[in-house]
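Remarks on the structure that follows.
So that the names make sense, note that chain A is the first sequence line, chain B the second, and so on, each numbered from 1.
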Protein chains: 2
Amino acid sequence: MSNQECEVRAQEAADGCCPALLTSPLDEEQAGELAKVFKALGDPVRLRLLSMIASRDGGEVCVCDLTPAFDLSQPTISHHLKLLRQAGLIDGERRGTWVHYRLLPAMTDRLAGLLTRPAGEPLPAPAAAPGGRA
Amino acid sequence: MSNQECEVRAQEAADGCCPALLTSPLDEEQAGELAKVFKALGDPVRLRLLSMIASRDGGEVCVCDLTPAFDLSQPTISHHLKLLRQAGLIDGERRGTWVHYRLLPAMTDRLAGLLTRPAGEPLPAPAAAPGGRA
(Lines give C-alpha, C1' and ligand atoms only; values in the text may rest on other atoms or scores of the structure.)
Protein backbone atom coordinates (compact mmCIF):
# COMPACT_ATOMS: atom_id res chain seq x y z
CA MET A 1 0.00 0.00 0.00
CA SER A 2 1.35 3.41 -0.94
CA ASN A 3 1.82 6.26 1.46
CA GLN A 4 -0.73 8.16 -0.54
CA GLU A 5 -3.32 5.53 0.16
CA CYS A 6 -2.46 5.84 3.81
CA GLU A 7 -3.19 9.52 3.87
CA VAL A 8 -5.89 10.38 6.25
CA ARG A 9 -9.04 11.97 5.06
CA ALA A 10 -8.75 14.99 7.26
CA GLN A 11 -12.39 15.84 7.15
CA GLU A 12 -13.37 12.44 8.42
CA ALA A 13 -10.71 12.45 11.07
CA ALA A 14 -12.07 15.80 12.13
CA ASP A 15 -15.61 14.51 12.44
CA GLY A 16 -16.54 13.61 15.97
CA CYS A 17 -13.64 15.80 16.72
CA CYS A 18 -11.46 16.79 18.42
CA PRO A 19 -8.70 14.72 19.78
CA ALA A 20 -8.99 15.14 23.49
CA LEU A 21 -6.82 12.17 24.26
CA LEU A 22 -3.52 13.71 23.22
CA THR A 23 -4.29 17.39 23.63
CA SER A 24 -6.06 17.70 26.97
CA PRO A 25 -6.63 15.52 30.00
CA LEU A 26 -9.69 13.30 29.69
CA ASP A 27 -12.27 13.57 32.41
CA GLU A 28 -13.52 10.45 34.18
CA GLU A 29 -16.67 10.12 32.09
CA GLN A 30 -14.84 10.45 28.77
CA ALA A 31 -12.19 8.02 29.91
CA GLY A 32 -14.76 5.47 31.06
CA GLU A 33 -16.61 5.60 27.77
CA LEU A 34 -13.48 5.38 25.66
CA ALA A 35 -11.95 2.61 27.74
CA LYS A 36 -14.88 0.35 26.85
CA VAL A 37 -14.10 0.71 23.15
CA PHE A 38 -10.37 0.11 23.59
CA LYS A 39 -11.13 -2.85 25.84
CA ALA A 40 -13.24 -4.34 23.05
CA LEU A 41 -10.17 -4.00 20.80
CA GLY A 42 -7.87 -5.48 23.43
CA ASP A 43 -8.35 -9.08 22.38
CA PRO A 44 -6.67 -10.89 19.47
CA VAL A 45 -9.80 -12.72 18.34
CA ARG A 46 -11.86 -9.54 18.30
CA LEU A 47 -9.13 -7.69 16.41
CA ARG A 48 -9.03 -10.43 13.81
CA LEU A 49 -12.80 -10.43 13.51
CA LEU A 50 -12.84 -6.65 13.12
CA SER A 51 -10.13 -6.76 10.46
CA MET A 52 -11.98 -9.50 8.57
CA ILE A 53 -15.19 -7.49 8.62
CA ALA A 54 -13.57 -4.15 7.78
CA SER A 55 -11.49 -5.47 4.93
CA ARG A 56 -14.19 -7.49 3.21
CA ASP A 57 -15.09 -6.40 -0.30
CA GLY A 58 -18.65 -5.21 -0.24
CA GLY A 59 -18.27 -4.17 3.37
CA GLU A 60 -20.22 -7.01 4.87
CA VAL A 61 -19.49 -10.49 6.16
CA CYS A 62 -21.76 -13.36 7.08
CA VAL A 63 -20.95 -14.82 10.49
CA CYS A 64 -20.86 -18.16 8.68
CA ASP A 65 -17.75 -16.92 6.85
CA LEU A 66 -16.05 -15.71 10.03
CA THR A 67 -16.30 -18.77 12.24
CA PRO A 68 -14.26 -21.18 10.08
CA ALA A 69 -11.19 -18.93 10.43
CA PHE A 70 -11.02 -19.68 14.16
CA ASP A 71 -10.59 -22.75 16.26
CA LEU A 72 -13.45 -21.56 18.43
CA SER A 73 -17.11 -22.44 18.81
CA GLN A 74 -19.86 -20.47 17.13
CA PRO A 75 -21.16 -19.18 20.50
CA THR A 76 -17.69 -17.93 21.42
CA ILE A 77 -17.35 -16.10 18.12
CA SER A 78 -20.84 -14.67 18.58
CA HIS A 79 -19.89 -13.44 22.04
CA HIS A 80 -16.84 -11.63 20.66
CA LEU A 81 -18.96 -10.11 17.91
CA LYS A 82 -21.47 -8.95 20.51
CA LEU A 83 -18.73 -7.12 22.40
CA LEU A 84 -17.55 -5.40 19.20
CA ARG A 85 -21.15 -4.47 18.50
CA GLN A 86 -21.74 -3.12 22.01
CA ALA A 87 -18.61 -1.00 21.60
CA GLY A 88 -20.10 0.59 18.49
CA LEU A 89 -17.41 -0.83 16.21
CA ILE A 90 -19.63 -3.05 14.08
CA ASP A 91 -23.28 -3.56 13.38
CA GLY A 92 -25.08 -6.75 12.48
CA GLU A 93 -28.25 -7.60 10.65
CA ARG A 94 -29.98 -10.94 10.62
CA ARG A 95 -31.09 -12.07 7.20
CA GLY A 96 -32.48 -15.55 7.09
CA THR A 97 -30.38 -17.92 9.14
CA TRP A 98 -27.30 -15.80 9.46
CA VAL A 99 -26.25 -12.48 10.89
CA HIS A 100 -24.24 -10.25 8.55
CA TYR A 101 -21.75 -7.83 10.05
CA ARG A 102 -20.29 -4.57 8.80
CA LEU A 103 -17.86 -2.00 10.14
CA LEU A 104 -19.21 1.17 11.71
CA PRO A 105 -16.50 3.51 10.44
CA ALA A 106 -17.68 6.42 12.58
CA MET A 107 -16.14 4.73 15.61
CA THR A 108 -12.81 3.79 14.04
CA ASP A 109 -12.64 7.29 12.55
CA ARG A 110 -13.25 8.71 16.01
CA LEU A 111 -10.50 6.59 17.55
CA ALA A 112 -8.12 7.49 14.74
CA GLY A 113 -8.87 11.16 15.38
CA LEU A 114 -8.29 10.76 19.10
CA LEU A 115 -4.92 9.14 18.52
CA THR A 116 -3.79 11.65 15.92
CA ARG A 117 -1.60 14.48 17.06
CA PRO A 118 -2.76 17.90 15.93
CA ALA A 119 -0.86 19.25 12.95
CA GLY A 120 2.21 21.17 13.92
CA GLU A 121 2.52 19.73 17.38
CA PRO A 122 6.17 19.31 18.24
CA LEU A 123 7.51 15.95 19.23
CA PRO A 124 7.89 15.61 22.95
CA ALA A 125 11.56 15.94 23.71
CA PRO A 126 13.26 14.49 26.72
CA ALA A 127 13.26 17.50 29.01
CA ALA A 128 16.48 18.75 30.47
CA ALA A 129 14.83 20.04 33.60
CA PRO A 130 16.22 18.55 36.76
CA GLY A 131 13.92 16.23 38.64
CA GLY A 132 12.90 17.41 42.05
CA ARG A 133 10.47 16.73 44.77
CA ALA A 134 7.00 18.14 44.30
CA MET B 1 -9.94 23.11 18.23
CA SER B 2 -10.25 23.76 14.51
CA ASN B 3 -10.61 21.11 11.89
CA GLN B 4 -7.32 22.24 10.53
CA GLU B 5 -5.61 21.46 13.78
CA CYS B 6 -7.21 18.06 13.64
CA GLU B 7 -5.76 17.31 10.26
CA VAL B 8 -3.55 14.34 10.28
CA ARG B 9 0.03 14.63 9.35
CA ALA B 10 -0.11 12.14 6.56
CA GLN B 11 3.57 11.41 6.57
CA GLU B 12 3.51 10.43 10.18
CA ALA B 13 0.36 8.43 9.81
CA ALA B 14 2.09 6.64 6.98
CA ASP B 15 5.11 5.77 9.07
CA GLY B 16 5.04 2.28 10.43
CA CYS B 17 2.49 1.88 7.76
CA CYS B 18 0.21 0.53 6.49
CA PRO B 19 -3.11 0.04 8.04
CA ALA B 20 -3.62 -3.66 8.09
CA LEU B 21 -6.45 -3.53 10.56
CA LEU B 22 -9.05 -2.10 8.21
CA THR B 23 -7.71 -3.20 4.86
CA SER B 24 -6.72 -6.83 5.30
CA PRO B 25 -7.28 -9.56 7.86
CA LEU B 26 -4.74 -9.53 10.67
CA ASP B 27 -2.86 -12.73 11.28
CA GLU B 28 -2.69 -14.22 14.76
CA GLU B 29 0.72 -12.80 15.58
CA GLN B 30 -0.19 -9.27 14.50
CA ALA B 31 -3.47 -9.47 16.38
CA GLY B 32 -1.79 -10.71 19.55
CA GLU B 33 0.75 -7.92 19.50
CA LEU B 34 -1.80 -5.20 18.79
CA ALA B 35 -4.28 -6.50 21.33
CA LYS B 36 -1.73 -5.88 24.09
CA VAL B 37 -1.57 -2.21 23.19
CA PHE B 38 -5.33 -1.79 22.96
CA LYS B 39 -5.71 -3.67 26.24
CA ALA B 40 -3.38 -1.18 27.87
CA LEU B 41 -5.71 1.57 26.62
CA GLY B 42 -8.79 -0.30 27.79
CA ASP B 43 -8.81 1.17 31.28
CA PRO B 44 -10.13 4.60 32.34
CA VAL B 45 -7.25 5.34 34.71
CA ARG B 46 -4.64 4.50 32.09
CA LEU B 47 -6.43 6.59 29.48
CA ARG B 48 -6.51 9.54 31.83
CA LEU B 49 -2.83 9.07 32.67
CA LEU B 50 -1.95 8.87 28.99
CA SER B 51 -3.95 12.01 28.19
CA MET B 52 -2.32 13.88 31.07
CA ILE B 53 1.14 12.88 29.87
CA ALA B 54 0.45 13.51 26.18
CA SER B 55 -1.15 16.91 26.68
CA ARG B 56 1.39 18.34 29.09
CA ASP B 57 3.27 21.38 27.88
CA GLY B 58 6.88 20.42 27.53
CA GLY B 59 5.91 16.85 26.83
CA GLU B 60 6.87 15.44 30.18
CA VAL B 61 5.18 14.87 33.51
CA CYS B 62 6.57 13.97 36.89
CA VAL B 63 4.74 11.05 38.47
CA CYS B 64 4.39 13.33 41.49
CA ASP B 65 2.09 15.53 39.39
CA LEU B 66 -0.01 12.60 38.16
CA THR B 67 -0.88 10.88 41.41
CA PRO B 68 -2.81 13.75 43.06
CA ALA B 69 -5.37 13.67 40.23
CA PHE B 70 -6.53 10.22 41.29
CA ASP B 71 -8.04 8.72 44.39
CA LEU B 72 -5.57 5.87 44.10
CA SER B 73 -2.35 4.91 45.83
CA GLN B 74 1.05 5.68 44.39
CA PRO B 75 1.78 1.95 43.78
CA THR B 76 -1.49 1.58 41.88
CA ILE B 77 -0.68 4.56 39.68
CA SER B 78 2.81 3.21 39.15
CA HIS B 79 1.36 -0.14 38.09
CA HIS B 80 -0.86 1.52 35.50
CA LEU B 81 2.09 3.55 34.23
CA LYS B 82 4.13 0.35 33.97
CA LEU B 83 1.44 -1.21 31.76
CA LEU B 84 1.40 1.85 29.50
CA ARG B 85 5.17 1.67 29.32
CA GLN B 86 5.21 -2.03 28.53
CA ALA B 87 2.76 -1.35 25.71
CA GLY B 88 5.20 1.14 24.19
CA LEU B 89 2.86 4.10 24.70
CA ILE B 90 5.02 6.05 27.15
CA ASP B 91 8.55 6.08 28.41
CA GLY B 92 9.84 7.08 31.82
CA GLU B 93 13.09 8.37 33.16
CA ARG B 94 14.08 8.56 36.79
CA ARG B 95 15.68 11.82 37.80
CA GLY B 96 16.31 12.20 41.46
CA THR B 97 13.38 10.96 43.48
CA TRP B 98 10.79 10.94 40.76
CA VAL B 99 10.15 9.25 37.46
CA HIS B 100 9.22 11.58 34.60
CA TYR B 101 6.99 10.25 31.84
CA ARG B 102 6.54 11.26 28.23
CA LEU B 103 4.44 10.07 25.32
CA LEU B 104 6.01 7.79 22.73
CA PRO B 105 4.18 9.20 19.71
CA ALA B 106 5.40 6.46 17.39
CA MET B 107 2.91 4.08 19.00
CA THR B 108 -0.10 6.42 18.98
CA ASP B 109 0.78 7.37 15.39
CA ARG B 110 0.84 3.68 14.51
CA LEU B 111 -2.54 3.05 16.09
CA ALA B 112 -3.99 6.13 14.38
CA GLY B 113 -2.70 4.81 11.07
CA LEU B 114 -4.16 1.37 11.70
CA LEU B 115 -7.57 2.85 12.45
CA THR B 116 -7.56 5.22 9.50
CA ARG B 117 -9.36 4.12 6.38
CA PRO B 118 -7.31 4.49 3.21
CA ALA B 119 -8.21 7.55 1.19
CA GLY B 120 -10.95 6.90 -1.30
CA GLU B 121 -12.33 3.85 0.39
CA PRO B 122 -16.10 3.81 0.09
CA LEU B 123 -18.25 3.65 3.16
CA PRO B 124 -19.50 0.16 3.80
CA ALA B 125 -23.11 0.13 2.73
CA PRO B 126 -25.71 -2.27 4.02
CA ALA B 127 -25.62 -4.89 1.29
CA ALA B 128 -28.78 -5.81 -0.50
CA ALA B 129 -27.66 -9.36 -1.07
CA PRO B 130 -30.01 -11.92 0.37
CA GLY B 131 -28.73 -13.88 3.32
CA GLY B 132 -28.26 -17.55 2.80
CA ARG B 133 -26.70 -20.54 4.35
CA ALA B 134 -23.04 -21.03 3.75
* Heavy-atom pairs under 4.5 Å with chain B, option from A:Met52, A:Met107, A:Glu28 with the top count -> A:Glu28

* Structure fact -> One should read off an interatomic distance between B:Phe70 CZ and B:Leu49 CG, to the nearest 0.5 angstrom, of 4.0 Å

* **CZ-CG distance between A:Arg56 and A:Leu103, expressed to the nearest 0.5 angstrom** => 13.5 Å

* **side chain to side chain donor-acceptor pair (under 3.5 Å) against A:Arg46, all qualifying residues, sequence neighbours excluded** => A:His80

* Asked: Where on B:Glu33 is there a heavy atom nearer than 4.5 Å to chain A: the side chain, the backbone, both, or neither?
  -> neither

* **Which portion of A:Gln30 sits near chain B, non-hydrogen atoms under 4.5 angstrom** => neither

* Structure fact -> Answer key: most heavy-atom pairs under 4.5 Å with chain B among A:Ser51, A:Ala31, A:Gly42, A:Pro68 is A:Ser51

* To do: Begin from the C-alpha positions of A:Leu66 and A:Ile53 and carry the test side-chain contact (heavy atoms from CB on, under 4.5 Å) through to its verdict.
  => CA-CA 8 Å; A:Leu66 294 169; A:Ile53 294 166; 4.2 Å; yes

* **A:Asp91 versus chain B, the contacting section by heavy-atom distance below 4.5 Å** => neither

* Could you walk me through whether B:Leu41 and B:Leu89 pass the side-chain contact (heavy atoms from CB on, under 4.5 Å) test, one step at a time? => CA-CA 9 Å; B:Leu41 293 173; B:Leu89 288 157; 3.7 Å; yes

